[in-house]
There are 2 protein chains.
Amino acid sequence: MVDQLSAVFAALADPTRRAILARLRDGEATVAELAEPFAMSQPAVSKHLKVLEQAGLITRTRRATARLSHLRAEPLRAARDWLGDYRAYWRESHDRLDDLLTELQEKDT
Amino acid sequence: MVDQLSAVFAALADPTRRAILARLRDGEATVAELAEPFAMSQPAVSKHLKVLEQAGLITRTRRATARLSHLRAEPLRAARDWLGDYRAYWRESHDRLDDLLTELQEKDT
DNA sequence: CGCCTCCATAACCATTTCGTTCTGAAACCA
DNA sequence: TGGTTTCAGAACGAAATGGTTATGGAGGCG
């Protein structure tokens with residue numbers, strides 16, 4: 001993986017990793033805590049955490065024998081910025097079905 | 001690939017595919033036109049287009065012997081919405097280094 | 001010290017991804 | 001009809017991905 005943006009999108013392409021990020025919004029967590037919701041071995045979760053770390057989406061610290069993961073959402077901003085360049089193409093009149101639905105909704109309002 | 005969101009993020013994880021989407025903002029294009037900027041065979045580009053089509057990010061029509069690709073940005077909205085849930089985590093004080101930099105910048109201003 | 005807990009790494013396997021070359025189908029053109 | 005252009009699909013290979021089990025190291029605790 002060469003570029004940061006590709007790494008971030010690739011990290012987000014896995015539902016397990018998205019769930020881990022969602023969990024980390026509630027605060028730091030140990031590997032065992034993060035693994036608990038999944039029907040998956042501990043090393044599998046460790047691998048996911050490594051992917052997230054390499055994409056810059058988490059940082060990790062130690063506390064006693066535990067390794068704590070912390071959300072680092074900053075790279076998500078770049079991803080969101082990239083998507084923002086396409087805003088006009090789903091808002092403006094580039095998809096006729098979309099336009100139709102939008103018009104109908106606006107008449108409802 | 002089970003869910004739509006994973007398919008979209010996976011599609012965006014490749015720089016070639018992101019470049020193809022960017023090109024399609026200028027309007028529909030043939031496979032040959034899309035392949036032109038890349039040091040890559042035509043079947044390789046056809047495969048990328050298939051990935052984009054299955055993610056719902058392009059639609060395809062025929063015109064004579066040519067197959068035209070059209071941008072369909074709508075699924076990008078869902079991706080952007082997902083990222084939006086993390087907005088607070090890069091804006092608010094969850095990253096100490098970020099906070100520091102933000103403070104320094106604000107002092108500059 | 002010796003054990004226990006927490007977790008990373010190694011080794012392995014199956015599948016997917018990303019590229020290639022070769023081939024042939026579909027639609028137009030002379 | 002026969003040739004040409006445009007592109008998709010098959011077949012293949014290398015590397016990455018996502019999972020497993022087995023192992024062992026680092027750091028507290030009795």
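What you see is a predicted model, and the numbers here were worked out from it, not measured in a lab. Each chain gets a letter, A, B and so on, in the order its sequence line appears, and its residues count up from 1.
- B:Arg18 has a carboxylate O that lies under 4.0 Å from a charged side-chain N of A:Asp3, or vice versa, which qualifies the two as a salt bridge.
- Between B:Arg77 and B:Glu74 there is a salt bridge, since a side-chain N of the basic residue sits under 4.0 Å from a carboxylate O of the acidic one.
- For the OP1/OP2 pair of C:dA26 and a distance below 4.0 Å, the side-chain nitrogens and oxygens of B:Thr65 include no atom meeting the criterion.
- Taking atom CD of B:Glu28 as the reference point, atom P of D:dT6 lies 16 Å away to the nearest angstrom.
- Judged by closest nucleotide on DNA chain D, A:Ser41 is the one of A:Ser41 and A:Arg67 placed further toward the 5' end.
- Considering only side-chain atoms of B:Met40, the nucleotide from D:dG19, D:dA8, C:dG19 that sits closest is C:dG19.
- Residue contacts shown for A:Thr30 are limited to sugar-phosphate atoms, with no base heavy atom under 4.0 Å away.
- Residues A:Met1 and A:Ala39 both approach DNA chain D. Their nearest nucleotides, taken by heavy-atom distance, put A:Met1 toward the 5′ side.
- Spacing between atom CG of A:Asp14 and atom P of C:dT15 amounts to 18 Å, rounded to whole angstrom units.
- Across all strands, B:Ala64 comes closer than 4.0 Å only to sugar-phosphate atoms, never to a base (heavy-atom distances).
- Side-chain proximity of A:Val31 to the nucleotides C:dA8, D:dT20, D:dA8 is greatest for C:dA8.
- Note on A:Ala66: only backbone sugar-phosphate atoms sit closer than 4.0 angstrom, heavy atoms only; bases stay farther off.
- If you take CG of B:Leu34 and C1' of D:dC7, they are 12 Å apart, rounded to a whole angstrom.
- The shortest distance between the side-chain N/O atoms of A:His48 and the OP1/OP2 oxygens of D:dT17 is not below 4.0 Å.
- Distances shorter than 4.0 Å separate some side-chain N or O of A:Arg60 from OP1 or OP2 on C:dA8.
- For A:Gln42 and C:dT9, the CD to P distance is 11 Å, given to the nearest whole Å.
- Rounded to an integer number of Å, the gap from NZ of A:Lys50 to C1' of C:dC7 is 13 Å.
- In this structure a side-chain-to-backbone donor-acceptor pair under 3.5 Å is missing from A:Ser6 to B:Asp14.
- The side chain of A:Arg63 places no N or O atom within less than 4.0 Å of a non-bridging phosphate oxygen (OP1 or OP2) of C:dC6.
- Atom CD in A:Glu36 sits about 13 Å away from atom P in C:dC7, given to the nearest Å.
- Here D:dT17 presents its P atom at 9 Å from CD of A:Gln54, a figure rounded to the nearest Å.
- Heavy-atom nearest nucleotides on DNA chain C were determined for A:Pro43 and for B:Val51, and the one closer to the 5' end corresponds to A:Pro43.
- Residues B:Thr59 and B:Glu53 fail the side-chain proximity criterion, which asks for heavy atoms closer than 4.5 Å.
- Under the 4.5 Å side-chain criterion, counting only non-hydrogen atoms from C-beta, A:Leu12 is not in contact with B:Leu5.
- Of the candidate nucleotides D:dA26, D:dA8, D:dC7, D:dA26 has the atom lying nearest to any side-chain atom of A:Arg62.
- The distance between atom NZ of B:Lys47 and atom P of C:dC22, rounded to the nearest whole Å, is 15 Å.
- Side chains of A:Thr16 and A:Met40 form a contact here, defined as non-hydrogen atoms less than 4.5 Å apart.
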